Every structure is written in structure tokens, then in C-alpha cells.
Protein chains: 2
Amino acid sequence: MKNLTKRQEEILNLIKAHILDLGFPPTRADIARSLGFKSPNAAEQHLRAIEKKGFIKILSGASRGIILNDNENDQIPVIGLVAAGGPILAEENVEKTIPRSNNLLSNDIDYYLRVKGDSMVDIGIFEEDLIGVSKSANTKIGSVIVARINNEVTVKTLIEMSQNKVVLRAENQEYDDIIINPKVEELAIEGSCVALLRESI
Amino acid sequence: MKNLTKRQEEILNLIKAHILDLGFPPTRADIARSLGFKSPNAAEQHLRAIEKKGFIKILSGASRGIILNDNENDQIPVIGLVAAGGPILAEENVEKTIPRSNNLLSNDIDYYLRVKGDSMVDIGIFEEDLIGVSKSANTKIGSVIVARINNEVTVKTLIEMSQNKVVLRAENQEYDDIIINPKVEELAIEGSCVALLRESI
DNA sequence: ATAATTACTGTAATTATATACAGTATATAG
DNA sequence: CTATATACTGTATATAATTACAGTAATTAT
């Protein structure tokens with residue numbers, strides 16, 4: 001999918017705004033009017049270019065027959081089991097995706113992670129729950145974080161973090177604290193947990 | 001807002017399905033074709049009737065200019081504290097509403113209920129969580145249900161249910177079972193819990 | 001009993017819309 | 001240097017679509 005030019009992006013945004021506002025796409029004339037074109041054909045040709053680049057589909061003969069092709073940025077991936085090695089968001093880990101427009105929770109969620117195991121039950125995070133993870137939300141002591149230790153992904157509470165000692169705690173008395181020297185073991189903090197979904201009770 | 005006739009509802013559903021499918025409303029001819037009318041005017045007149053009843057707005061002169069008026073049925077209420085007496089869904093209990101189209105979870109959710117107290121922590125239902133409640137989902141032994149006992153609303157697990165004995169259990173050892181004789185005390189089962197949302201961790 | 005509503009057929013006109021064709025001009029890629 | 005892409009104007013036309021008008025018939029409200 002090639003990149004749109006500035007003008008083409010402007011037109012795509014106009015189409016999206018029109019749909020959001022009125023519930024249906026604009027006509028060529030609508031677009032021309034909005035952008036000051038003196039010919040509807042200017043809009044027509046832009047639409048063809050945008051279609052060629054894969055962002056829309058034009059239905060021939062149908063008035064307002066512009067279909068937006070789902071942009072992947074507008075989808076939140078749900079990550080199931082994370083394969084060892086490789087990034088969390090690698091395609092093989094994506095169980096399904098959820099349109100961002102349908103997300104009821106914080107709009108700072110980069111992905112949902114399906115919980116495995118019972119290490120966080122004491123704070124109400126159960127196996128099969130979906131945790132909303134933000135890569136940008138700041139992780140401070142006490143935050144529930146997604147960490148990767150020697151290529152294994154885990155969800156734990158961050159208890160202590162200094163240059164040569166990081167302590168992660170399971171919220172379940174049956175588990176011991178995980179104490180890591182990040183200079184010896186490979187440790188990456190992938191994000192922090194900001195919300196939770198349970199699809200069945 | 002008057003009720004639609006069967007036929008009018010059929011047409012409104014057709015419009016919604018068309019929008020969901022293609023992203024824009026159907027023409028009069030589309031509607032006529034779908035329902036087997038031999039004249040587009042049949043569709044036109046139905047649309048006028050549906051508009052008169054307040055379900056849509058027709059933009060004159062615009063092709064496919066049908067705007068759906070937001071139906072309140074398409075909003076899922078979030079119920080905060082339930083005032084004693086009166087129905088759960090009474091307006092004063094509604095904290096906010098969520099467009100049904102944004103609901104990621106089961107589409108059988110009639111409302112969300114904000115959890116008060118810690119009586120269900122052992123199965124991961126915490127204070128301030130939002131529980132998705134279905135009025136129609138069948139409640140069987142073992143289901144987590146929303147019950148109303150003598151005008152007080154509570155969330156518990158249904159353990160036993162016979163003509164003169166109903167047992168509800170808190171999922172927290174510190175609480176005793178609630179044993180009710182429905183012939184003596186007022187008991188209503190409002191629905192069963194089918195999903196959970198936690199807005200912050 | 002009479003008017004209004006529902007539920008259509010059938011025809012036709014006006015307007016809305018897509019879309020082809022012929023240009024102009026500039027920028028960018030091979 | 002030449003083809004291709006970008007970004008338009010301007011005109012024209014076929015067809016898509018709304019919408020008015022004239023009916024028929026059954027049902028429902030007053």
C-alpha cells in the first residue's frame with residue numbers, strides 16, 4: 001500500500017469526515033465544492049488515484065459508492081500465545097483484531113494480551129482475560145507491567161527497579177518474586193496494563 | 001416516537017444492514033429490489049412514514065440521503081449505585097451510556113453494573129469493575145447473577161434454587177451464604193453476568 | 001361512516017451523479 | 001529525455017436517483 005500524497009490524504013480525510021458527519025460518503029461534486037475545485041472531475045481523478053493505492057474501493061455506477069478499506073492502524077490486535085523470540089506484535093501472535101472505534105476503554109491501548117496462568121489472580125487478573133496494554137503509559141513502581149525476560153513474556157507488578165536489580169512480583173502468594181539483574185539477563189518492559197476485558201464469566 | 005409497523009421495521013433493518021455492509025444507505029430502488037416492490041415509490045412512501053415516526057431523517061435532493069436517528073436502544077446504560085426501590089434501569093441510576101456499536105463483548109448485554117464491595121473477589125470481580133448483565137441469558141446453578149433481595153441489588157453465585165429455598169454465595173470466604181425463602185422474602189433475579197470490563201488496573 | 005394510515009403498482013419528470021473525453025501545467029522516476 | 005504521476009479546468013452525457021402525481025385496496029382510528 002503506497003503512501004498517499006498530501007492532497008490525496010486531504011480528500012480521504014474529507015470522505016471520512018463526511019461519513020462520520022452524515023453517515024454516507026460525499027459525491028464528486030461534494031468533494032470539489034469542499035476543496036474549491038471547479039470541476040467534479042478533479043475529485044474523480046483523485047479518487048481513482050486513492051483507489052489505485054488501495055485505500056478505498058469505488059463501486060462503479062453507484063452514487064456515493066466509495067468504500068473505505070480498513071486501515072490496519074485502526075485495528076487493535078489481540079495477542080494470544082507469544083512465540084518465543086520475535087516481537088510481541090508479530091503477525092503469528094495475533095489472535096484477532098478489534099476496530100479501534102469500538103474500543104470502550106482507554107484510547108491509549110496498543111494491544112490486548114490474553115492472560116495465561118494464575119500468577120495475578122489476587123488482583124483479579126484471571127486466565128483467559130484480555131489485558132489492555134499501553135506501550136507509552138509510564139511504568140512506575142507498583143504498575144502492572146508486561147515484561148519480557150530472556151524472550152519470555154510475562155505480566156507482573158513492578159516492585160523495584162534500579163540499574164542492576166529489577167524485582168517483579170506475582171500477585172499470588174504461591175509464586176516467588178522474580179529478581180533480575182538486567183546487566184546479566186535480558187529484560188525488556190513492553191508496556192503497562194491499563195484495562196481489562198473478560199469475555200465470559 | 002411512535003412504533004413502527006412490521007414492514008417499516010423491515011425496511012429500517014434493511015437500511016441498517018446496507019450501511020453495515022457497504023458503508024452507505026440504499027436507494028429507493030435498492031430497497032424496492034430487496035423487498036420485491038415493483039415501484040421505487042413504495043420504498044419512498046415507507047421512508048416518509050418512518051421519517052414521520054422519527055426513526056430517520058431524509059435529506060431532500062441528496063442521493064442515499066438517509067440519516068439514522070440515534071435510537072436509545074442502541075445505547076447500553078452503565079448503572080452505578082442502584083437507589084433502593086424502583087427498577088435497576090431507572091434513569092437516576094444511569095451513570096453513562098455506551099453505544100452498542102462500540103461494545104466489544106457479548107451482544108447479549110442489557111446493561112453494565114458497577115460493582116460495589118468485595119464479595120466476589122475470589123472469581124476476579126473487584127470493586128468498581130463493570131459487569132455486563134444479560135436479562136435473557138438463562139440463569140442456571142453456578143451462574144453469577146444479579147439478584148434483588150428486599151429491594152437491594154447484589155451480585156452473587158446461584159448455588160441452589162427450589163420453590164422455597166434459594167441459596168446465593170459470595171465468592172469470598174469472609175461472607176456467609178445468603179439463604180432465602182422466596183415465599184417470605186422478596187427475591188427477583190434480574191439477570192446473569194456474562195462479561196466484565198475494568199477501566200483501570 | 002368517514003377519515004386517516006398502511007401498503008402497495010405504474011408512469012414520468014427533474015435533478016443528482018458518475019464518468020468519459022479533451023486539455024494545461026508541473027514534478028518525479030527510470 | 002521521455003514516460004508516468006500529480007493536480008487540476010472545462011464540457012458533455014448517460015444513467016442513477018429522488019420525487020411528484022395518479023391510482024387500488026385493505027385496515028385502523030375517530
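Fair warning: this is a prediction, and the values are worked out from it, not measured in the lab. Residue numbers start from 1 in every chain, and the chains themselves are labelled A, B, ... in the order their sequence lines are given, proteins ahead of strands.
Closest of all the heavy-atom pairs between A:Gln75 and A:Thr97 is NE2-OG1, 2.5 Å. Heavy atoms only, all atoms of each residue included: B:Pro25 and A:Gly23 are closest at CD-O, 4.0 Å.
The residue A:Gln45 sits close to a base: some heavy atom pair falls under 4.0 Å. Residue-level contact check: A:Lys52 touches the backbone only, with heavy atoms under 4.0 Å from sugar-phosphate atoms and none from bases. Residue contacts for B:Ser63: at a heavy-atom cut-off of 4.0 Å it reaches the sugar-phosphate backbone alone, with no base atom in range.
Pairs engaging residues 191-201 of chain B under the side chain to side chain donor-acceptor pair (under 3.5 Å) rule: B:Lys96-B:Glu199, B:Arg114-B:Glu199, B:Asp129-B:Arg198 [sequence neighbours left out].
Residue B:Arg64 places none of its side-chain N or O atoms closer than 4.0 Å to OP1 or OP2 of D:dT18. Here B:Thr5 does not reach the OP1 or OP2 of C:dT5: none of its side-chain N or O atoms lies under 4.0 Å away. Listed pair B:Lys53 / C:dT6 meets the phosphate criterion, a side-chain N or O lying under 4.0 Å from OP1 or OP2.
Across the protein-nucleic acid pair, B:Arg48 atom CZ and C:dT5 atom C1' stand 16 Å apart, rounded to whole Å. One can place CD of B:Glu9 at 16 Å from C1' of C:dA7, the figure rounded to the nearest angstrom. Taking atom CZ of B:Phe37 as the reference point, atom P of C:dG10 lies 14 Å away to the nearest angstrom. In this structure, CG of A:Leu47 is placed 14 Å from C1' of D:dC8, rounded to the nearest angstrom. Put simply, CD on A:Glu10 is 14 Å from C1' on D:dT6, counting in whole angstrom units. Atom CD1 in B:Ile67 sits roughly 13 Å away from atom P in D:dT18 (whole-Å rounding). Spacing between atom CG of A:Asn41 and atom C1' of C:dC21 amounts to 9 Å, rounded to whole angstrom units. Distance B:His46 NE2 to C:dT6 P: 10 Å, rounded to the nearest Å.
Pair assignment for D:dT2 gives C:dA29, based on Watson-Crick or G-U wobble hydrogen-bonding distances that are each under 3.5 Å.
Distances from the side chain of A:Ile58 to the nucleotides D:dA7, C:dA18, C:dT19 place C:dT19 closest. Minimum atom distance to the side chain of A:Ala49 is reached by D:dT6, of the listed D:dT19, D:dA7, D:dT6.
Listed in residue order, the members of residues 20-35 of chain B having a heavy atom less than 4.0 Å from DNA chain D are B:Thr27, B:Arg28.
No salt bridge links B:Asp110 with B:Lys135; every basic N to acidic carboxylate O contact stays at or beyond 4.0 Å. Ion pair B:Arg7/B:Glu10 flagged as a salt bridge, since at least one NZ, NE, NH1 or NH2 atom sits closer than 4.0 Å to an Asp/Glu carboxylate oxygen.
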Taking it one step at a time, do B:Glu44 and B:Arg48 satisfy salt bridge (charged side-chain N to carboxylate O under 4.0 Å, His left out)?
-> CA-CA 6 Å; B:Glu44 174 74 21; B:Arg48 302 255 173 223; 2.5 Å; yes
What do the steps show when you test A:Leu187 against A:Arg148 for side-chain contact (heavy atoms from CB on, under 4.5 Å), and what is the final call?
-> CA-CA 6 Å; A:Leu187 172 73; A:Arg148 179 194 287 266; over 6 Å; no
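When the nearest nucleotides of DNA chain C are assigned to B:Ile11 and A:Gly61 by heavy-atom distance, the more 5′-ward of the two goes with B:Ile11.
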